[in-house]
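Note that ligands are numbered from 1 as they come in the structure, with each ligand's atoms numbered from 1 the same way. All residue numbers refer to positions in the sequence shown, counting from 1.
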Amino acid sequence: MSTSPNGSRASIDLLEELQIIAADNLEKLDINKYYEVIRELGKGTYGKVDLVVHKFRGTKMALKFLRKKTTKLKSFLREYSISLYVSPCPYIISMYGILFETDEYYIFAQEYALAGDLFDIIPPQVGLPETVAKRCVHQVALALDYIHSKKLVHRDIKPENVLIFDQECRKVKLSDFGMTRRAGSPVKRVSGTIPYTAPELCVPGRHDGFCVDYSTDVWAFGVLLFCMLTGNFPWEKALPCDAFYEEFARWQQQPRRRAGAVPSQWRRFTSEALRMFRHLLAIEKEQRCSVSEVLNFLCYCWMLDTENGNTATSPTGTVLNGHVAELSSSSSEEGDLVERLKQQSLSPMCAVAKAGIDIEPVTPPYSTGSTINSPSTNNSYERVSRDNNGNGGRILVTTPIEICV
Ligand SMILES: Nc1ncnc2c1ncn2[C@@H]1O[C@H](COP(=O)(O)OP(=O)(O)OP(=O)(O)O)[C@@H](O)[C@H]1O
(Lines give C-alpha, C1' and ligand atoms only; values in the text may rest on other atoms or scores of the structure.)
Protein backbone atom coordinates (compact mmCIF):
# COMPACT_ATOMS: atom_id res chain seq x y z
CA MET A 1 0.00 0.00 0.00
CA SER A 2 1.17 3.53 -0.64
CA THR A 3 -0.05 6.91 0.44
CA SER A 4 -1.54 9.26 -2.11
CA PRO A 5 -0.88 13.06 -2.05
CA ASN A 6 -4.17 13.73 -0.27
CA GLY A 7 -3.24 11.31 2.43
CA SER A 8 -5.65 8.54 1.51
CA ARG A 9 -4.25 5.14 0.87
CA ALA A 10 -4.02 4.46 -2.81
CA SER A 11 -5.09 0.96 -3.41
CA ILE A 12 -2.53 -1.30 -4.89
CA ASP A 13 -4.20 -4.59 -5.39
CA LEU A 14 -2.98 -7.86 -4.09
CA LEU A 15 -1.49 -9.01 -7.35
CA GLU A 16 0.64 -5.91 -7.63
CA GLU A 17 1.66 -6.26 -4.01
CA LEU A 18 2.73 -9.85 -4.61
CA GLN A 19 4.81 -8.72 -7.57
CA ILE A 20 6.54 -6.08 -5.50
CA ILE A 21 7.33 -8.59 -2.76
CA ALA A 22 8.59 -11.05 -5.35
CA ALA A 23 10.82 -8.42 -7.00
CA ASP A 24 12.27 -7.45 -3.61
CA ASN A 25 13.10 -11.04 -2.84
CA LEU A 26 14.57 -12.09 -6.15
CA GLU A 27 18.19 -13.07 -5.69
CA LYS A 28 20.86 -14.85 -7.64
CA LEU A 29 22.04 -18.21 -6.51
CA ASP A 30 23.90 -21.28 -7.50
CA ILE A 31 21.18 -23.80 -8.12
CA ASN A 32 23.46 -26.80 -7.65
CA LYS A 33 24.20 -25.76 -4.12
CA TYR A 34 20.60 -26.16 -3.05
CA TYR A 35 18.95 -28.51 -5.50
CA GLU A 36 19.73 -31.83 -7.07
CA VAL A 37 18.11 -32.19 -10.46
CA ILE A 38 16.42 -35.57 -10.85
CA ARG A 39 15.00 -35.20 -14.36
CA GLU A 40 13.33 -32.89 -16.78
CA LEU A 41 9.54 -32.95 -16.44
CA GLY A 42 8.68 -30.90 -19.48
CA LYS A 43 9.61 -28.21 -21.91
CA GLY A 44 7.66 -25.18 -22.94
CA THR A 45 8.00 -22.21 -25.20
CA TYR A 46 9.98 -20.18 -22.72
CA GLY A 47 11.96 -22.72 -20.76
CA LYS A 48 11.68 -26.01 -18.96
CA VAL A 49 10.43 -27.64 -15.80
CA ASP A 50 12.74 -29.91 -13.77
CA LEU A 51 12.00 -32.28 -10.94
CA VAL A 52 14.47 -31.49 -8.17
CA VAL A 53 15.17 -32.43 -4.61
CA HIS A 54 16.07 -29.78 -2.08
CA LYS A 55 19.49 -30.88 -0.86
CA PHE A 56 18.94 -29.93 2.78
CA ARG A 57 15.27 -30.66 3.21
CA GLY A 58 14.85 -33.59 0.88
CA THR A 59 11.68 -31.99 -0.49
CA LYS A 60 10.81 -32.91 -4.07
CA MET A 61 9.56 -30.00 -6.11
CA ALA A 62 9.13 -28.86 -9.68
CA LEU A 63 11.31 -25.91 -10.66
CA LYS A 64 10.06 -23.85 -13.58
CA PHE A 65 12.92 -22.23 -15.51
CA LEU A 66 12.12 -19.26 -17.73
CA ARG A 67 14.90 -18.30 -20.10
CA LYS A 68 16.02 -14.70 -19.58
CA LYS A 69 16.66 -14.35 -23.29
CA THR A 70 12.97 -14.72 -24.04
CA THR A 71 11.29 -13.73 -20.78
CA LYS A 72 11.18 -10.23 -19.38
CA LEU A 73 11.57 -9.86 -15.63
CA LYS A 74 8.10 -8.28 -15.58
CA SER A 75 6.56 -11.35 -17.23
CA PHE A 76 8.32 -13.69 -14.84
CA LEU A 77 7.14 -11.72 -11.81
CA ARG A 78 3.62 -11.64 -13.21
CA GLU A 79 3.51 -15.40 -13.80
CA TYR A 80 4.94 -16.10 -10.37
CA SER A 81 2.55 -13.72 -8.62
CA ILE A 82 -0.54 -14.93 -10.44
CA SER A 83 0.42 -18.56 -9.80
CA LEU A 84 0.78 -17.74 -6.12
CA TYR A 85 -2.42 -15.69 -6.04
CA VAL A 86 -4.58 -18.51 -7.39
CA SER A 87 -2.71 -21.37 -5.68
CA PRO A 88 -5.05 -21.46 -2.66
CA CYS A 89 -7.58 -23.24 -4.86
CA PRO A 90 -7.26 -27.00 -4.28
CA TYR A 91 -7.59 -27.61 -8.03
CA ILE A 92 -4.67 -25.36 -8.92
CA ILE A 93 -1.02 -26.33 -8.58
CA SER A 94 0.43 -25.29 -5.22
CA MET A 95 3.42 -23.01 -4.96
CA TYR A 96 6.43 -22.95 -2.70
CA GLY A 97 7.31 -19.42 -1.75
CA ILE A 98 10.56 -19.74 -3.63
CA LEU A 99 11.88 -17.73 -6.54
CA PHE A 100 15.41 -16.89 -7.64
CA GLU A 101 17.53 -16.29 -10.71
CA THR A 102 20.69 -17.60 -12.29
CA ASP A 103 22.64 -15.97 -15.11
CA GLU A 104 20.44 -17.74 -17.66
CA TYR A 105 17.06 -18.25 -16.00
CA TYR A 106 14.36 -16.88 -13.76
CA ILE A 107 13.11 -19.74 -11.60
CA PHE A 108 10.24 -20.53 -9.26
CA ALA A 109 9.20 -23.65 -7.39
CA GLN A 110 5.92 -25.52 -7.61
CA GLU A 111 4.40 -28.64 -6.14
CA TYR A 112 5.41 -31.71 -8.15
CA ALA A 113 2.57 -33.49 -9.95
CA LEU A 114 3.71 -37.07 -9.88
CA ALA A 115 1.76 -38.45 -12.82
CA GLY A 116 2.64 -35.71 -15.32
CA ASP A 117 0.07 -34.01 -17.45
CA LEU A 118 -3.28 -34.91 -18.98
CA PHE A 119 -1.88 -34.86 -22.50
CA ASP A 120 0.10 -38.02 -21.82
CA ILE A 121 -2.81 -40.14 -20.67
CA ILE A 122 -5.41 -39.41 -23.34
CA PRO A 123 -5.40 -42.46 -25.63
CA PRO A 124 -5.25 -41.08 -29.18
CA GLN A 125 -8.46 -41.52 -31.15
CA VAL A 126 -10.05 -43.32 -28.22
CA GLY A 127 -10.24 -40.85 -25.39
CA LEU A 128 -10.47 -41.40 -21.67
CA PRO A 129 -13.20 -43.50 -20.08
CA GLU A 130 -16.18 -41.28 -19.35
CA THR A 131 -15.85 -41.65 -15.58
CA VAL A 132 -12.21 -40.57 -15.66
CA ALA A 133 -12.93 -37.70 -18.04
CA LYS A 134 -15.79 -36.46 -15.85
CA ARG A 135 -13.65 -36.56 -12.74
CA CYS A 136 -11.04 -34.50 -14.50
CA VAL A 137 -13.52 -32.11 -16.10
CA HIS A 138 -15.15 -31.43 -12.76
CA GLN A 139 -11.88 -30.41 -11.13
CA VAL A 140 -10.70 -28.31 -14.07
CA ALA A 141 -14.10 -26.58 -14.13
CA LEU A 142 -13.75 -25.71 -10.45
CA ALA A 143 -10.23 -24.42 -11.03
CA LEU A 144 -11.34 -22.25 -13.93
CA ASP A 145 -14.37 -21.05 -12.05
CA TYR A 146 -12.08 -19.99 -9.23
CA ILE A 147 -9.77 -18.13 -11.60
CA HIS A 148 -12.73 -16.39 -13.21
CA SER A 149 -14.09 -15.46 -9.79
CA LYS A 150 -10.78 -13.63 -9.29
CA LYS A 151 -11.42 -11.75 -12.55
CA LEU A 152 -8.59 -13.50 -14.32
CA VAL A 153 -8.59 -15.40 -17.62
CA HIS A 154 -6.21 -18.34 -17.99
CA ARG A 155 -5.87 -18.07 -21.78
CA ASP A 156 -3.92 -21.30 -22.27
CA ILE A 157 -6.29 -24.12 -21.45
CA LYS A 158 -4.98 -27.37 -22.96
CA PRO A 159 -4.23 -30.89 -21.69
CA GLU A 160 -0.54 -30.10 -21.22
CA ASN A 161 -1.51 -27.56 -18.58
CA VAL A 162 -3.67 -29.95 -16.57
CA LEU A 163 -1.31 -31.72 -14.20
CA ILE A 164 -2.28 -35.08 -12.80
CA PHE A 165 -1.39 -36.97 -9.66
CA ASP A 166 -2.74 -40.39 -10.66
CA GLN A 167 -3.79 -42.09 -13.87
CA GLU A 168 -7.47 -42.14 -12.88
CA CYS A 169 -7.55 -38.34 -12.51
CA ARG A 170 -8.71 -38.52 -8.90
CA LYS A 171 -6.53 -35.50 -8.28
CA VAL A 172 -5.78 -33.05 -11.06
CA LYS A 173 -4.63 -29.45 -10.93
CA LEU A 174 -4.54 -26.65 -13.42
CA SER A 175 -1.16 -25.00 -14.01
CA ASP A 176 0.82 -22.59 -16.19
CA PHE A 177 -0.31 -19.03 -15.63
CA GLY A 178 2.15 -17.52 -18.06
CA MET A 179 -0.62 -16.29 -20.34
CA THR A 180 -3.09 -15.36 -17.61
CA ARG A 181 -4.35 -11.79 -17.64
CA ARG A 182 -7.05 -9.76 -15.97
CA ALA A 183 -10.42 -9.94 -17.68
CA GLY A 184 -10.98 -6.83 -19.77
CA SER A 185 -7.33 -5.98 -20.23
CA PRO A 186 -6.24 -5.26 -23.79
CA VAL A 187 -3.81 -7.60 -25.51
CA LYS A 188 -2.14 -6.70 -28.74
CA ARG A 189 -2.01 -9.98 -30.51
CA VAL A 190 -3.76 -13.30 -30.40
CA SER A 191 -2.14 -15.93 -28.29
CA GLY A 192 -2.88 -19.55 -27.73
CA THR A 193 -2.83 -22.85 -29.43
CA ILE A 194 -4.86 -23.12 -32.55
CA PRO A 195 -7.34 -26.00 -31.98
CA TYR A 196 -8.24 -24.50 -28.60
CA THR A 197 -8.44 -20.94 -29.84
CA ALA A 198 -11.89 -19.40 -30.03
CA PRO A 199 -13.14 -18.44 -33.50
CA GLU A 200 -13.19 -14.71 -32.77
CA LEU A 201 -9.43 -14.89 -32.06
CA CYS A 202 -8.62 -17.01 -35.10
CA VAL A 203 -9.66 -14.50 -37.72
CA PRO A 204 -6.57 -13.79 -39.80
CA GLY A 205 -5.35 -10.24 -40.17
CA ARG A 206 -6.87 -9.00 -36.93
CA HIS A 207 -4.09 -6.91 -35.48
CA ASP A 208 -6.26 -4.35 -33.79
CA GLY A 209 -6.03 -6.03 -30.42
CA PHE A 210 -8.51 -7.80 -28.15
CA CYS A 211 -9.90 -7.50 -24.71
CA VAL A 212 -9.20 -10.51 -22.52
CA ASP A 213 -12.46 -12.32 -21.96
CA TYR A 214 -13.65 -15.33 -19.94
CA SER A 215 -15.41 -16.71 -23.02
CA THR A 216 -12.08 -17.71 -24.59
CA ASP A 217 -11.40 -20.02 -21.64
CA VAL A 218 -14.90 -21.44 -22.00
CA TRP A 219 -14.28 -22.24 -25.66
CA ALA A 220 -10.89 -23.86 -24.96
CA PHE A 221 -12.48 -25.83 -22.13
CA GLY A 222 -15.12 -27.13 -24.57
CA VAL A 223 -12.40 -28.24 -26.99
CA LEU A 224 -10.48 -29.83 -24.12
CA LEU A 225 -13.59 -31.81 -23.19
CA PHE A 226 -13.96 -33.08 -26.73
CA CYS A 227 -10.29 -34.11 -26.80
CA MET A 228 -10.55 -35.93 -23.49
CA LEU A 229 -13.65 -37.86 -24.52
CA THR A 230 -12.56 -38.77 -28.05
CA GLY A 231 -8.77 -38.57 -28.28
CA ASN A 232 -9.25 -36.29 -31.29
CA PHE A 233 -9.33 -32.59 -31.92
CA PRO A 234 -12.70 -31.43 -33.21
CA TRP A 235 -10.90 -29.29 -35.82
CA GLU A 236 -7.50 -27.90 -36.56
CA LYS A 237 -8.60 -24.31 -36.24
CA ALA A 238 -11.91 -22.60 -35.73
CA LEU A 239 -11.98 -20.98 -39.15
CA PRO A 240 -14.40 -21.46 -42.06
CA CYS A 241 -11.57 -22.92 -44.15
CA ASP A 242 -11.46 -25.88 -41.78
CA ALA A 243 -14.09 -28.34 -43.01
CA PHE A 244 -14.62 -29.87 -39.57
CA TYR A 245 -15.16 -26.51 -37.97
CA GLU A 246 -17.33 -25.29 -40.81
CA GLU A 247 -19.59 -28.33 -40.47
CA PHE A 248 -19.84 -27.79 -36.71
CA ALA A 249 -20.52 -24.05 -37.08
CA ARG A 250 -23.28 -24.70 -39.61
CA TRP A 251 -24.91 -27.16 -37.23
CA GLN A 252 -24.55 -24.78 -34.30
CA GLN A 253 -26.27 -22.03 -36.21
CA GLN A 254 -29.21 -24.09 -37.37
CA PRO A 255 -32.36 -22.88 -35.65
CA ARG A 256 -33.69 -26.40 -35.29
CA ARG A 257 -31.26 -29.21 -34.97
CA ARG A 258 -32.29 -32.48 -36.47
CA ALA A 259 -30.51 -35.61 -35.26
CA GLY A 260 -29.36 -36.42 -38.77
CA ALA A 261 -27.70 -33.05 -39.10
CA VAL A 262 -25.29 -33.57 -36.23
CA PRO A 263 -21.77 -33.48 -37.67
CA SER A 264 -20.24 -36.95 -37.87
CA GLN A 265 -17.58 -36.35 -35.21
CA TRP A 266 -20.26 -35.36 -32.74
CA ARG A 267 -22.64 -38.29 -33.25
CA ARG A 268 -21.02 -40.31 -30.50
CA PHE A 269 -22.44 -37.97 -27.84
CA THR A 270 -25.78 -38.13 -26.10
CA SER A 271 -28.23 -35.29 -26.61
CA GLU A 272 -27.38 -33.93 -23.14
CA ALA A 273 -23.68 -33.87 -23.95
CA LEU A 274 -24.44 -32.15 -27.25
CA ARG A 275 -26.46 -29.57 -25.38
CA MET A 276 -23.49 -28.95 -23.08
CA PHE A 277 -21.12 -28.60 -26.05
CA ARG A 278 -23.51 -26.21 -27.77
CA HIS A 279 -23.38 -23.95 -24.71
CA LEU A 280 -19.60 -24.13 -24.30
CA LEU A 281 -18.81 -23.84 -27.98
CA ALA A 282 -21.32 -21.20 -28.98
CA ILE A 283 -19.92 -19.47 -32.03
CA GLU A 284 -20.88 -16.03 -30.70
CA LYS A 285 -18.84 -15.43 -27.58
CA GLU A 286 -21.72 -13.57 -25.93
CA GLN A 287 -23.79 -16.76 -26.15
CA ARG A 288 -21.25 -18.97 -24.39
CA CYS A 289 -22.13 -20.23 -20.93
CA SER A 290 -19.88 -20.03 -17.89
CA VAL A 291 -17.51 -22.90 -17.20
CA SER A 292 -19.47 -23.89 -14.12
CA GLU A 293 -22.48 -24.80 -16.27
CA VAL A 294 -20.68 -28.06 -17.04
CA LEU A 295 -21.32 -29.10 -13.46
CA ASN A 296 -25.03 -29.28 -14.26
CA PHE A 297 -24.31 -31.89 -16.92
CA LEU A 298 -22.19 -34.26 -14.83
CA CYS A 299 -25.27 -36.24 -13.85
CA TYR A 300 -26.02 -37.22 -17.46
CA CYS A 301 -24.46 -39.85 -19.64
CA TRP A 302 -22.24 -38.16 -22.23
CA MET A 303 -21.19 -40.95 -24.58
CA LEU A 304 -23.70 -43.04 -26.49
CA ASP A 305 -21.53 -46.14 -26.42
CA THR A 306 -20.00 -45.66 -23.01
CA GLU A 307 -19.29 -48.74 -20.99
CA ASN A 308 -18.81 -46.76 -17.84
CA GLY A 309 -22.18 -45.10 -17.70
CA ASN A 310 -22.44 -41.75 -16.05
CA THR A 311 -21.00 -40.57 -12.80
CA ALA A 312 -22.93 -37.90 -11.08
CA THR A 313 -20.76 -37.74 -8.02
CA SER A 314 -18.38 -34.95 -7.29
CA PRO A 315 -14.70 -35.93 -7.07
CA THR A 316 -14.35 -34.26 -3.72
CA GLY A 317 -17.69 -35.18 -2.32
CA THR A 318 -18.71 -31.54 -2.35
CA VAL A 319 -22.21 -30.52 -3.26
CA LEU A 320 -22.26 -29.20 -6.79
CA ASN A 321 -24.32 -26.16 -6.03
CA GLY A 322 -22.45 -23.52 -4.14
CA HIS A 323 -19.04 -24.68 -5.22
CA VAL A 324 -17.93 -21.19 -6.14
CA ALA A 325 -18.72 -19.83 -2.73
CA GLU A 326 -16.74 -22.63 -1.15
CA LEU A 327 -13.73 -21.84 -3.25
CA SER A 328 -13.63 -18.09 -2.98
CA SER A 329 -11.23 -16.79 -0.41
CA SER A 330 -12.07 -13.75 1.64
CA SER A 331 -10.01 -10.58 1.55
CA SER A 332 -8.72 -11.30 5.05
CA GLU A 333 -7.44 -14.66 3.80
CA GLU A 334 -5.77 -12.87 0.94
CA GLY A 335 -4.22 -10.47 3.42
CA ASP A 336 -2.92 -13.47 5.36
CA LEU A 337 -1.29 -14.75 2.21
CA VAL A 338 0.60 -11.48 1.73
CA GLU A 339 1.62 -11.36 5.38
CA ARG A 340 2.92 -14.90 5.34
CA LEU A 341 4.86 -14.16 2.19
CA LYS A 342 6.39 -11.07 3.67
CA GLN A 343 7.56 -13.04 6.66
CA GLN A 344 8.67 -16.02 4.67
CA SER A 345 11.80 -15.62 2.65
CA LEU A 346 11.37 -16.42 -1.00
CA SER A 347 14.89 -17.75 -1.19
CA PRO A 348 15.70 -21.43 -0.83
CA MET A 349 18.84 -20.40 1.03
CA CYS A 350 17.04 -18.57 3.80
CA ALA A 351 14.28 -21.14 3.94
CA VAL A 352 16.90 -23.46 5.30
CA ALA A 353 18.72 -20.99 7.46
CA LYS A 354 15.76 -19.45 9.25
CA ALA A 355 14.38 -21.33 12.17
CA GLY A 356 10.76 -22.25 11.97
CA ILE A 357 10.40 -21.81 8.27
CA ASP A 358 9.69 -25.03 6.55
CA ILE A 359 9.57 -25.46 2.83
CA GLU A 360 6.03 -26.45 2.36
CA PRO A 361 3.78 -25.24 -0.40
CA VAL A 362 2.06 -21.98 0.47
CA THR A 363 -1.05 -23.56 1.90
CA PRO A 364 -4.57 -22.53 1.04
CA PRO A 365 -6.26 -20.71 3.88
CA TYR A 366 -9.33 -22.85 3.27
CA SER A 367 -7.79 -25.99 1.86
CA THR A 368 -10.23 -28.87 1.73
CA GLY A 369 -7.44 -31.19 2.74
CA SER A 370 -8.94 -33.71 0.33
CA THR A 371 -6.72 -35.13 -0.42
CA ILE A 372 -2.68 -37.19 -27.28
CA ASN A 373 -0.62 -38.14 -29.10
CA SER A 374 -2.06 -34.87 -29.02
CA PRO A 375 -5.59 -35.73 -29.84
CA SER A 376 -5.91 -35.99 -33.54
CA THR A 377 -8.79 -35.37 -35.78
CA ASN A 378 -9.67 -37.66 -38.60
CA ASN A 379 -8.48 -34.91 -40.85
CA SER A 380 -5.08 -33.96 -42.11
CA TYR A 381 -3.28 -32.70 -39.05
CA GLU A 382 0.42 -32.34 -39.22
CA ARG A 383 1.92 -35.03 -37.05
CA VAL A 384 4.82 -33.71 -35.06
CA SER A 385 6.27 -34.84 -31.81
CA ARG A 386 5.63 -32.51 -28.88
CA ASP A 387 9.19 -32.89 -27.74
CA ASN A 388 12.36 -34.46 -28.97
CA ASN A 389 12.26 -37.47 -26.72
CA GLY A 390 11.11 -39.97 -29.24
CA ASN A 391 7.41 -39.55 -28.66
CA GLY A 392 7.10 -39.25 -32.39
CA GLY A 393 3.81 -40.36 -33.77
CA ARG A 394 2.16 -40.13 -30.40
CA ILE A 395 1.29 -36.54 -30.71
CA LEU A 396 0.08 -34.05 -33.16
CA VAL A 397 1.42 -30.73 -32.28
CA THR A 398 -0.77 -27.78 -32.71
CA THR A 399 0.79 -24.79 -34.30
CA PRO A 400 1.39 -22.09 -31.76
CA ILE A 401 0.31 -18.72 -32.99
CA GLU A 402 1.60 -15.33 -32.05
CA ILE A 403 2.18 -14.89 -28.38
CA CYS A 404 1.21 -11.66 -26.81
CA VAL A 405 3.76 -9.84 -24.70
N1 LIG B 1 4.51 -29.00 -11.25
C2 LIG B 1 4.73 -29.87 -12.21
N3 LIG B 1 4.78 -31.20 -11.96
C4 LIG B 1 4.98 -32.10 -12.96
N5 LIG B 1 5.15 -31.76 -14.26
C6 LIG B 1 5.10 -30.45 -14.57
C7 LIG B 1 4.90 -29.45 -13.58
N8 LIG B 1 4.89 -28.25 -14.20
C9 LIG B 1 5.07 -28.49 -15.50
N10 LIG B 1 5.22 -29.80 -15.75
C11 LIG B 1 5.45 -30.42 -17.07
O12 LIG B 1 6.17 -29.50 -17.87
C13 LIG B 1 5.40 -29.11 -19.02
C14 LIG B 1 5.67 -27.65 -19.36
O15 LIG B 1 5.31 -26.86 -18.26
P16 LIG B 1 4.64 -25.43 -18.42
O17 LIG B 1 3.37 -25.58 -19.20
O18 LIG B 1 4.50 -24.81 -17.08
O19 LIG B 1 5.73 -24.69 -19.29
P20 LIG B 1 5.51 -23.55 -20.35
O21 LIG B 1 6.87 -23.09 -20.77
O22 LIG B 1 4.62 -22.49 -19.81
O23 LIG B 1 4.75 -24.35 -21.50
P24 LIG B 1 3.93 -23.78 -22.74
O25 LIG B 1 4.89 -23.07 -23.59
O26 LIG B 1 3.39 -25.05 -23.39
O27 LIG B 1 2.84 -22.91 -22.22
C28 LIG B 1 3.96 -29.41 -18.64
O29 LIG B 1 3.17 -29.66 -19.79
C30 LIG B 1 4.12 -30.66 -17.78
O31 LIG B 1 4.23 -31.82 -18.57
Report summary line: Those residues at least two apart in sequence (or on a different chain) that pass salt bridge (charged side-chain N to carboxylate O under 4.0 Å, His left out) with Lys285 are none
Report summary line: Residues passing the side-chain contact (heavy atoms from CB on, under 4.5 Å) test with Lys55, sequence neighbours excluded, are Glu36
Give the atoms of ligand 1, by number and element, whose distance to some non-hydrogen atom of [X] is under 4.0 Å.
X: Lys64; value: 16 (P), 18 (O), 19 (O), 20 (P), 22 (O)
X: Gly42; value: 12 (O), 13 (C)
X: Thr45; value: 21 (O), 24 (P), 25 (O)
X: Gln110; value: 1 (N), 8 (N)
X: Asp156; value: 27 (O)
X: Asn161; value: 17 (O)

Report task. Answer side chain, backbone, both or neither: which part of Leu41 comes under 4.0 Å from ligand 1, heavy atoms only. Result -> both
Query raised in the report: Side chain, backbone, both or neither: which part of Leu163 comes within less than 4.0 Å of ligand 1 when only heavy atoms are counted?
Result: side chain
Judging by distance only, is a nitrogen or oxygen of [X] under 3.5 angstrom from one on ligand 1?
X: Ala113; result: yes
X: Tyr112; result: no
X: Glu79; result: no
X: Ser175; result: no

Query raised in the report: How about Phe277 and Phe269: are their ring centroids closer than 6.0 Å?
Result: yes
Plane angle bin for [Y] and [X] - parallel if under 30°, tilted between 30 and 60°, otherwise perpendicular:
X: Trp266; Y: Phe226; result: tilted
X: Tyr196; Y: Phe233; result: perpendicular
X: Phe76; Y: Phe108; result: tilted

**Report entry** Ile147 side chain reached by Tyr85 side chain, heavy atoms, under 4.5 Å
**Finding:** no
**Report entry** Min side-chain heavy-atom separation Glu101-Leu73 under 4.5 Å
**Finding:** no
Requested in this report: Answer yes or no for Met61: is there a heavy-atom contact with ligand 1 below 4.0 Å?
Outcome: no
Query - Minimal non-hydrogen separation, Leu280 against Gly222, with atom names - result: CD1-CA, 3.9 Å
